Peer 1: 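Got a structure for you, written out below as C-alpha cells; questions coming shortly.
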Amino acid sequence: MRTKLSVVLSALIILGLLVTACAAPAATPAPAAEQPAAPPASAEEPAQSEQPAAPAAQGIMDTVKARGKVVCGVHTSLPGFGYLDSEGKNQGFDIDLCRAVAAAVFGDPNAAEFVPISAAERGPALQTREVDMVPRNMTQTSSREIQWGNFVHVMFYDGQGMMVRADSGFTTLEDMDGATVCVTTGTTTEQNLADAFRERGLTFNAVTFEDTSAVYSAYESGRCDAATSDKSQLAAVRSGFASPADHLIMEVTMSKEPLAPAVPAGDDQWADLVRTVMWVLINAEELGVTSQNVQEMKVSDNVVIKRMLGGEGSFGQEDLGLATDFAVNVLAAVGNYGEIYNRYMGPEGLSFTLDRGLNDLWTEGGLIYAPPLR
Amino acid sequence: MTTSSSSLPRFLTRKGVPLWRDVVALQWVAQIVSAIMVLGFLWFFISNVLQAAEARGLGLGLGFLRGAAGFPIAESVVPYDPSRTFGYALWVGFLNTLKVSVVGIVLATFLGLGAALARLSPNWLVSNIAGLYINIIRNIPLLVQLFIWYFAVFQKLPPVQEALTLPGPVYISQRGLFMVGPQPTETFGAWLLFVAVGLVLGYLLNRSLLNYQVRTGRSTYPLLIGLLALVGVPLLGWFLVGAAPMQLTTPELARFNFEGGMRLTPEFAALLVGLVVYTGAFIAEVMRAGILAVQKGQVEAAKSLGLNAFQTLRLVVLPLALRVIIPPLISQYLNLTKNSSLAIVIGYADLFFVGRTIINQAGQAVPVFLLIMAIYLALSLLTSAVLNVYNRRVQLVER
C-alpha cells in the first residue's frame, strides 16, 4: 500500500512538473503570438479610420531597411512575368519591378528576396504582411483593393482571351456554343468565362483544375475545345506547347485585366515609395532615358530629366526616405518600362513575343501613362 | 470538473490517512489537473485563431454563403448554374462527394470480396495474381495512382471525333464514356411512388413470410415473393402512370461532343476507378482475414451436411466472417469517403474542390474550412453510426 501510494504521489509530482513546464512555454508563446498580430492590427486601425498623418510605429520601410532586403511574393512558373531561368534565378517582368524597388531603397537590385506564392495566397500574404510587395500577375479589382491591400499602379493591361486549336475554325464566342473549356479554378478568369457565355445566351462545359499546368495539359491533350486565361498567359503557355502553330488566340477579349503590383494596406509611405518607383520606370521611357544612357542623361539640358535623375530640385525623394538620385540606380539596374517589357516580351524577348498594344506609351497610342515627377 | 458532493465529504472527513496519501483524493486531483490541461490547450488554440482572424480583419460569419457564386461547376447531380449561391455550390460539391463515395463503396466491396476469394483460391495462378494486385496497389500512394488513372489512362483515350465505339452503342473518348441512358419524363415522379411502395411491400412481405417459415417450418419462399413485389409493383406502375416515365436516349455526336444518353466524365471515372482499385485492395485483406478467422470445423460441418461450396460460403463462412470483417470494413469505407477529397488534383468537383474555389472567390478561408471539416465529420460519423447498428446485429447473439 505504501509503495503504491508513493508511486501515485511521484506520478503526481511528475505530472505537476509537466504542467508547469507546459504552462510556461504555453504562457510565453501566447503573448509572443499576440505580439506580431497586434502591431498590424493597430497599424491597420488608424489607416482605416481617417488618420493618414500618423505613420505606423513600425513602417514597412523600417522593417525593410533593418532586414536589408525587399521581400516580394512572386510567380515562379509563368514565362514572361515570373519564372526561374536555366540557372534557377527568378526572372521576368514582375521580378524586375521588385528589383527596381530594391535598387531604389538600397541602390542594389539584388537586395531583393523572392518568395514563391500561389494565386490563392496573394491575398493572405498581403493581409498578414508576410511580404513587402506582391508583383505577381495580379488583376486589380475593387474588392481586392478593399480586402487585400493597396494596388500601386497598373503596369500591364491584359484581357482575358481564348485559345483554340487552329483547325477548329472558331472566330467568335458564338461559334463556341456548347464547347468544353478548360480553366483554372479560383481566378477572375473562371467567373468572367461564366459571365461572357451567360450574357450571350450560350452554354459551355467547364473543366476546372486548381493547378494551372493541369489546365493546359488537359487542353493540349484534347479534353477541352478551348482554354481561357489572360492573353499574356495564353501566349506564354502556347510558346511552350509541342507545336505552337497549331493553336491560336482568338481576337475576342472577355474582360479587362489590369495587372498591378500591390503592397500591404495601412502603410501609405511604403505605397507611395513603390508607386513613385513605378512612375520613374514609365516616365524614363517617355523621356528616352535608358539603362545605357542614364549616366550621360544626368547632365541633360532637359530639366525634367535632370530632376528625375536627382541633378536638380526634388520630386519628394527625401520624404520617402530615398537618395536624391535613386532613379539613376533604378534605371541602371533594370532599365525603363519599355526595356523591361522588351526584355521578356519584345520582338527579341526571352520568353515570347507579344505586341505591345495597350501596353505602349500613351504617346504611342497605348495606355501606359504615369503622372509627372515633380 | 468540480468534485461532486457525494465523493467530496468521504475523503475529506476520513480520519487517519492524510490527504496527500489518499488514493481517492489523488485520483481526483489527477483528473482535475488533466482536465484543466486539455481545456487550457483547447482554449489557447481557439482563442489564438479568433484573435488572429480579428487582427487581420477576417470575418468568421457565414453570411457570404448567400452571395452569388459566379463560377461554373463541371458536373452536378442537381441543376446548377453560376448565378446560384455559394451555399448551393457547396451543396452541389457535397452531393458529388456523396455520389462518388456511395458508388465507390459498393464497387470496392465487390472488388475486395472477389480479390479476397481469389487470394484464398487453391489455384496457384489466381491466388498469386490477386496477391500481386493487393501488394502493388496497397503500397503506392493513392495520389500517384489518381494521377496515373487520369493523365495517363483517361486523357490518352482517343479524341471525341474518333471515339471508340462498342456495341450498345457505348462511345469511349477523352470526353468520357457515353451510352444509352434513361431520360426521365413528366410521369417520372409519379412512378417513383410505385417504386417506393414496391420497396416497402417487398421488404415487409419478405420479413413476415420468413417469420412464418421459421415458426411453422413450412416453406413460404420469402425471398422469391419479396423480390416479386419489389419488381412487380414498379412494373405495374410503369403502365398505370400513362406515358412511360423514362425514355431511352442514344448519345449522338454533336458539333463538340456527344449529346443525350448517359455520361460518365473522365474526372469522375478516374476518381472512381482510382478509389475503388485502391480501397478494394485493403478490403480484400480485411475480408481474407475475416474468412481465415472462421474455424475449419465450421466449414467441415457444413460440408458434412451436404452443402456445396457456394452454399458453404454464403450460409456458413460469410455470416461468421462478417463479425470479424465489419469493424475494419467501416474504417475502409470512411477512408474511401475522405480520400475522395483528392479529387482536387484531377478536377472532379467534390466538396473539397468546391470549398477551395469558394475560399478563393469569396475570400473566406477560415469559415469555409471549418464548414468543410464539419461536413466530412458529420458524413463519417453518420456512416459509422449506420454501420455500427448493422455490426451489432451480426455480432454473436447469445441465446
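Atom set for the values below is all heavy atoms of this structure, side chains included, hydrogens, waters and symmetry mates excluded. Throughout, a chain's letter reflects where its sequence line sits, starting with A, and its residues are numbered from 1. Since we're looking at a predicted model, the values are computed, not measured.
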Peer 1: Sort by residue number and list every member of residues 165-174 of chain A having a non-hydrogen atom under 4.5 Å from chain B.
Peer 2: F170(A)
Peer 1: Which atom names give the shortest non-hydrogen contact between F209(A) and V345(B), and what distance separates them?
Peer 2: CD2-O, 4.3 Å
Peer 1: Looking only at heavy atoms, which two atoms of Q191(A) and A69(B) are closest? And how far apart?
Peer 2: NE2-O, 3.5 Å
Peer 1: Counting only non-hydrogen atoms closer than 4.5 Å, does R198(A) touch chain B with its backbone (N, CA, C, O), its side chain (CB onward), both, or neither?
Peer 2: side chain
Peer 1: Just by distance, do the side chain of R223(A) and the backbone of R175(B) share a donor-acceptor pair under 3.5 Å?
Peer 2: no
Peer 1: Determine which residues belonging to residues 152-160 of chain B lie within contact range of chain A, meaning some heavy atom pair is under 4.5 Å apart, and list them by number or answer 'none'.
Peer 2: Q155(B)
Peer 1: Distance check, rounded to the nearest 0.5 Å: E75(B) atom CD versus N205(A) atom CG?
Peer 2: 10.5 Å
Peer 1: Taking every non-hydrogen pair under 4.5 Å, which of S143(A), A194(A), G222(A) racks up the most with chain B?
Peer 2: G222(A)
Peer 1: Heavy-atom distances under 4.5 Å only: say whether Y150(B) touches chain A with side chain, backbone, both or neither.
Peer 2: side chain
Peer 1: In terms of heavy-atom pairs under 4.5 Å, which option from C224(A), G178(A), S221(A) contacts chain B the most?
Peer 2: S221(A)
Peer 1: Would you mind checking which part of D225(A) comes under 4.5 Å of any heavy atom in chain B, side chain (CB onward), backbone (N, CA, C, O), both or neither?
Peer 2: both
Peer 1: So what's closer than 4.5 Å to chain B heavy atoms on N192(A): side chain, backbone, both or neither?
Peer 2: neither
Peer 1: What part of T180(A) lies closer than 4.5 angstrom to a heavy atom of chain B: side chain, backbone, both or neither?
Peer 2: side chain
Peer 1: Quick one: pull up CD1 in I358(B) and OG1 in T185(A) and give me the separation to the nearest 0.5 Å.
Peer 2: 9.5 Å
Peer 1: Quick check for you: to the nearest 0.5 Å, what is the distance between T203(A) atom OG1 and D81(B) atom CG?
Peer 2: 12.0 Å
Peer 1: Under 4.5 Å, counting heavy-atom pairs only, tell me which of G176(B), A74(B), S173(B) racks up the most with chain A.
Peer 2: A74(B)
Peer 1: Against chain A, label E267(B) side chain, backbone, both or neither, depending on which of its atoms sit under 4.5 Å from a heavy atom there.
Peer 2: side chain
Peer 1: Given heavy-atom pairs under 4.5 angstrom as the criterion, report whether the side chain, backbone, both or neither of F204(A) touches chain B.
Peer 2: side chain
